[in-house]
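All values below were derived from every heavy atom in this structure, side-chain atoms included, with hydrogens, water molecules and symmetry-related copies excluded.
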Amino acid sequence: MDCRILLCNTYHLGHRPGHQRVKAAGGLHKMMNWNRSILTDSGGFQMVSLSKLMTVDENGVNFESPHTGEMMALPPEKSIEIQQALGADIMMQLDHVIHVLTTGDIVKEAMHRSIRWLDRCQVAHTRDDQAMFPILQGGLNLELRKECAEEMAKRAKVGIAIGGLSGGEEKDHFWKVVAACCAALPSHLPRYVMGVGFPVDLVICSLLGADMFDCVYPTRTARFGTAMVRRGGLMQLNQKRYKEDFLPIDDKCKCNTCQNYTRAYIHSVIGKETVGCHLVSVHNIKHQLDLMRDVRRAIQSNSVEKFLNQFLSDYYGPIQDETVEQSSQIVRDVPRWVRDAVDHMGYKLDF
């Protein structure tokens with residue numbers, strides 16, 4: 001697939017197998033035989049995903065392991081220690097992450113704490129062969145986001161992340177926060193929007209000025225037999241209509257799955273054999289990589305408007321399925337938030 005970078009989870013690797021064991025094995029690159037780039041998160045997201053198992057104060061976060069019940073203190077310095085032992089090429093500061101729909105004084109408090117924790121992370125960061133990205137916080141408050149961007153841009157050396165999104169907020173708020181953060185950041189810093197993985201979100205955020213993304217969505221949705229396709233967005237391969245469908249998921253896709261397996265085969269094993277999850281995961285990851293390459297080409301060739309029109313008409317058009325009933329061949333409306341974002345960027349849609 002020519003994937004150039006992948007993400008590893010600091011909190012979970014700190015538990016199993018433990019960062020010292022990974023370090024003894026020569027770091028993540030050597031341990032799993034991956035000679036390209038690795039990014040590690042800081043453990044901050046687990047403040048949301050494991051919110052019932054943690055407490056936070058100025059010193060850091062205290063987690064109860066979901067596996068063993070063991071308590072783990074994670075101050076900023078410990079997060080950096082773990083990430084340096086893991087040996088990632090890019091590591092993240094520990095930030096104070098709160099649910100995106102949280103309101104009140106805690107939003108401002110978490111934003112300022114993230115800045116203070118960044119300073120502590122920078123003191124603890126001693127390896128010059130690992131870049132460290134700050135993470136912007138501030139919830140859905142655009143003024144707090146701009147204030148945070150100003151402070152963290154002063155401290156950013158290689159790149160910077162936009163955190164705290166994709167947690168259930170309305171899309172109209174989501175794109176406006178990304179737009180405001182990208183506009184407030186210096187143009188020389190790569191912008192990494194954390195937790196974004198839906199194809200439309202990737203396209204819109206890229207055109208707003210973001211450069212990097214991560215998300216479990218392509219592999220998590222693959223577990224349920226959901227393949228990502230350009231035409232119609234998703235293909236639910238566990239549905240009966242695919243029982244005798246001997247076409248590939250996408251006849252234009254060059255992934256190993258589409259070159260060698262049919263929708264019918266995947267339908268027959270999904271939910272029964274783990275190979276089904278693996279095959280759809282391979283396709284979904286290739287789909288995302290191809291999509292981002294197409295976005296890059298459109299930007300480089302100054303053909304963004306043409307690309308947007310084709311991508312959105314395909315994505316919100318009828319599902320890519322030659323056997324689907326005529327009644328299902330309904331073109332969906334492009335959401336208002338997408339149209340607003342496109343208008344904001346100065347592009348015109350032909351439909």
* **Side chains of D89 and H29, donor plus acceptor under 3.5 Å** => yes
* To do: Using distance alone, with no hydrogens and no angle criterion, decide if Y11 and D41 have a side-chain donor and acceptor under 3.5 Å apart.
  => no
* What pairs of residues pass the side-chain hydrogen bond (donor to acceptor under 3.5 Å, both in side chains) test when at least one of them lies in residues 175-187, not counting sequence neighbours? -> D172-W175, D172-K176
* To do: Indicate whether any N or O donor in one side chain lies under 3.5 Å from an N or O acceptor in the other, for Q300 and R297.
  => no
* Is it the case that Q137 and S114 place a side-chain donor and acceptor less than 3.5 Å from each other? -> no
* **Qualifying residue, where the test is salt bridge (Lys or Arg N to Asp or Glu O under 4.0 Å) with R230 and the options are D294, D250, D290** => D294
* Asked: Under 3.5 Å, is there a donor-acceptor pair between the Q83 and T40 side chains?
  -> yes
* **D245/R241 salt bridge by N-O under 4.0 Å criterion** => no
* Decide, yes or no, whether a salt bridge links R120 with E77 under the criterion of side-chain N to carboxylate O below 4.0 Å. => yes
* State, without any angle test, whether D314 and Q310 hold a side-chain donor-acceptor pair at a distance under 3.5 Å. => yes
* **Carboxylate-amine/guanidinium contact E147 K108, below 4.0 Å** => no
* Charged N to carboxylate O under 4.0 angstrom, D95 versus R116? -> no
* Asked: Under a 4.0 Å N-O cut-off, is there an ion pair linking E109 with R113?
  -> yes
* Would you name the heavy atoms of Y242 and H267 that are closest together and state the gap between them? => O-CB, 4.0 Å
